[in-house]
There are 2 protein chains.
Amino acid sequence: MPRRIREQQIIDVAVQVFARRGYHPASVDEIAELAGISKPMVYLYLDSKEGLFLACLRREAERLVAAFQGAARDVRTPELRLWAGLSAFFAFVAEHRDSWVVLHRQASQLSETITAEVAQARRAVMAEVAGLVRDGIGEALGPVPVADEEADFVAHALVGAADSLTDWMERHPGESPERVTRRLMNMVWVGMRNVLAGEIWTPPAGSGPQGPEPAGRSGAPAAPAGPAGEGRSVRE
Amino acid sequence: MPRRIREQQIIDVAVQVFARRGYHPASVDEIAELAGISKPMVYLYLDSKEGLFLACLRREAERLVAAFQGAARDVRTPELRLWAGLSAFFAFVAEHRDSWVVLHRQASQLSETITAEVAQARRAVMAEVAGLVRDGIGEALGPVPVADEEADFVAHALVGAADSLTDWMERHPGESPERVTRRLMNMVWVGMRNVLAGEIWTPPAGSGPQGPEPAGRSGAPAAPAGPAGEGRSVRE
DNA sequence: TCGTAATCTTACTCACCAGTAAATTTACTT
DNA sequence: AAGTAAATTTACTGGTGAGTAAGATTACGA
């Protein structure tokens with residue numbers, strides 16, 4: 001069995017085990033056994049437990065960012081890019097829950113080097129989102145000096161909300177990533193007060209990106225075509 | 001040294017250590033030493049490492065909920081209650097960072113019983129927030145059948161956003177909890193589109209609760225009086 | 001067929017840490 | 001002062017798990 005393939009097999013298993021048990025309770029012995037291989041192989045290929053975890057981290061982070069970027073790419077307006085990106089995020093998390101757990105829910109209790117890496121992965125995602133938000137602000141207001149800090153703030157809030165809604169989705173299996181995204185857009189983009197007043201946001205039909213499917217695995221459907229709508233509509 | 005006091009001392013130290021190291025890497029030996037006592041004392045009073053962690057969890061959760069409830073109590077409109085609650089949350093997290101880390105950032109990799117407890121604590125917070133949101137929706141729309149699920153959704157998004165903004169605050173030491181809250185309210189309650197259009201939300205002067213300070217420790221100032229404003233204002 | 005480089009295993013070592021047994025000291029009551 | 005209950009310690013055990021040494025097996029080109 002050639003090295004490249006073995007490595008991926010090991011990482012596949014490791015992501016599952018790290019997600020289920022957490023970093024410290026996960027044992028390299030168990031990972032090796034589930035991968036159908038003996039422990040020294042893991043050390044030969046991935047150096048250490050930490051190295052193994054970092055490999056998991058990097059691969060999954062890459063996949064998530066790719067899914068996010070791929071979905072938002074080629075979408076015209078900032079508003080719809082944000083929608084496409086969030087949609088891809090929810091789809092990714094729904095399909096690869098283990099990836100997300102490893103990626104985000106392991107941050108605090110790990111070693112210096114790992115936290116640094118997690119923080120960097122998180123920053124990468126944050127930067128993507130902040131970019132989309134900044135575009136939106138920029139388009140509406142033109143170049144404004146405080147926009148960077150403001151966009152960063154909004155990005156943090158959005159990513160945090162999306163993360164938490166991951167739990168909500170788990171308890172509402174009927175909900176599709178698209179519906180969740182639409183609700184979030186309503187809440188953030190239109191605002192609760194206006195939603196309560198009857199205003200809603202609906203993605204226009206056929207607004208998905210036209211580019212080819214990007215790197216991210218099977219999942220992460222690019223911005224799916226929601227039900228018909230005018231992009232911005234007001235009810236009542 | 002009487003038992004009650006020792007227990008609190010131990011828990012004080014344990015919260016710090018658990019927050020810094022995470023559950024598994026934290027050793028009872030270290031906690032005992034930092035608390036200035038020997039290990040068997042910890043086991044005598046708190047039963048086990050898990051018991052110790054649960055004690056930390058319960059105490060900090062109680063404090064946070066108390067701060068939240070205390071701030072929102074006696075505030076008249078749902079809108080301002082939400083503001084007061086969020087404000088108290090940010091103030092609490094800013095002042096007791098360790099509590100928040102133990103409370104929330106340790107969820108996935110722990111034992112069955114602990115995850116259950118964490119989930120319950122989280123649900124308690126979520127229920128508080130959902131209550132405020134439901135009030136808001138109820139006030140605007142009257143009794144609506146779907147309101148419960150909708151409120152739960154919004155609560156998840158809000159709590160997640162608030163959690164993530166915790167990190168943002170850490171990198172922006174100049175920002176006060178009140179300013180962060182105001183920004184979040186703008187984003188969620190008014191909506192980005194309307195914010196971009198020039199609309200902003202400002203809490204009216206002197207709108208804090210009049211009741212006595214509740215259980216929560218020193219921190220968690222009740223809804224602070226923001227700068228003057230009309231509660232809902234439009235710029236430009 | 002020989003050699004060599006990769007793949008892979010068995011069988012350890014060593015450190016750390018949760019939990020405990022068995023006292024010992026302190027403080028308070030009668 | 002005697003007695004007893006609480007507070008507190010020293011000194012262990014047992015298990016687990018990261019990491020490794022040393023060698024076995026396969027693949028394959030010269």
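The sequence lines fix the lettering, A, B, ..., with proteins before strands; numbering per chain opens at 1.
- In this structure, the CD atom of A:E33 is 15 Å from the C1' atom of C:dT10, given to the nearest Å.
- In this structure, B:E30 atom CD and C:dC16 atom C1' are separated by 13 Å, rounded to whole Å.
- Using a cut-off of 4.0 Å between Lys/Arg side-chain N and Asp/Glu carboxylate O, B:E62 and B:R58 are scored as not salt-bridged.
- For the pair B:M1 and B:A26, both in contact range of DNA chain C, the more 5′-proximal nearest nucleotide belongs to B:A26.
- In terms of modelled atom types and a separation under 3.5 Å, the side chain of B:D163 and the main chain of B:V159 share no donor-acceptor contact.
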Where do N or O atoms of nucleotides 28-30 of chain C meet protein N or O atoms at under 3.5 Å, pair by pair?
none

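- With sequence neighbours excluded, no residue forms a salt bridge (charged side-chain N to carboxylate O under 4.0 Å, His left out) with A:E128.
- Annotation: salt bridge (charged side-chain N to carboxylate O under 4.0 Å, His left out) contacts of A:E30 (sequence neighbours excluded): A:R21.
- Atoms CG (A:L52) and P (D:dG19) sit 10 Å apart, rounded to a whole Å.
- Across the protein-nucleic acid pair, B:L46 atom CG and C:dG19 atom C1' stand 14 Å apart, rounded to whole Å.
- Atom-to-atom, CD of A:Q9 to C1' of C:dC8 comes out at 13 Å; the value is rounded to the nearest Å.
- Ionic pairing of B:R3 and B:E7 is present here: one or more N-O contacts between side-chain nitrogen and carboxylate oxygen are shorter than 4.0 angstrom.
- When distances run from any side-chain atom of A:S27 to the nucleotides D:dA7, D:dG19, D:dG17, the shortest one goes to D:dG17.
- Shown here are the salt bridge (charged side-chain N to carboxylate O under 4.0 Å, His left out) partners of A:R179, two or more places apart in sequence or in another chain: A:E175.
- Contact between the side-chain N/O atoms of B:R6 and the OP1/OP2 oxygens of D:dT8 is found at a separation under 4.0 Å.
- The pair B:D152-B:R123 does not count as a salt bridge, with every side-chain nitrogen at least 4.0 angstrom from each carboxylate oxygen.
- If you take NE2 of B:H24 and P of C:dA18, they are 10 Å apart, rounded to a whole angstrom.
- Rounded to whole Å, atom C1' of C:dC16 lies 11 Å from atom NZ of B:K49.
- Of the residues listed (B:V15, B:I11, B:I10, B:V17), the one engaging B:V13 in a side-chain contact (heavy atoms from CB on, under 4.5 Å) is B:V17, and it is the only one.
- To the nearest angstrom, P of C:dA6 lies 17 Å from CD1 of A:I5.
- Among residue pairs with one or both ends in residues 44-57 of chain B, those qualifying as side-chain hydrogen bond (donor to acceptor under 3.5 Å, both in side chains) are B:E50-B:S111, B:E50-B:T113; sequence neighbours excluded.
- Within a heavy-atom distance below 4.0 Å of DNA chain C, the residues of residues 35-45 of chain A found are A:I37, A:S38, A:P40, A:M41, A:Y45.
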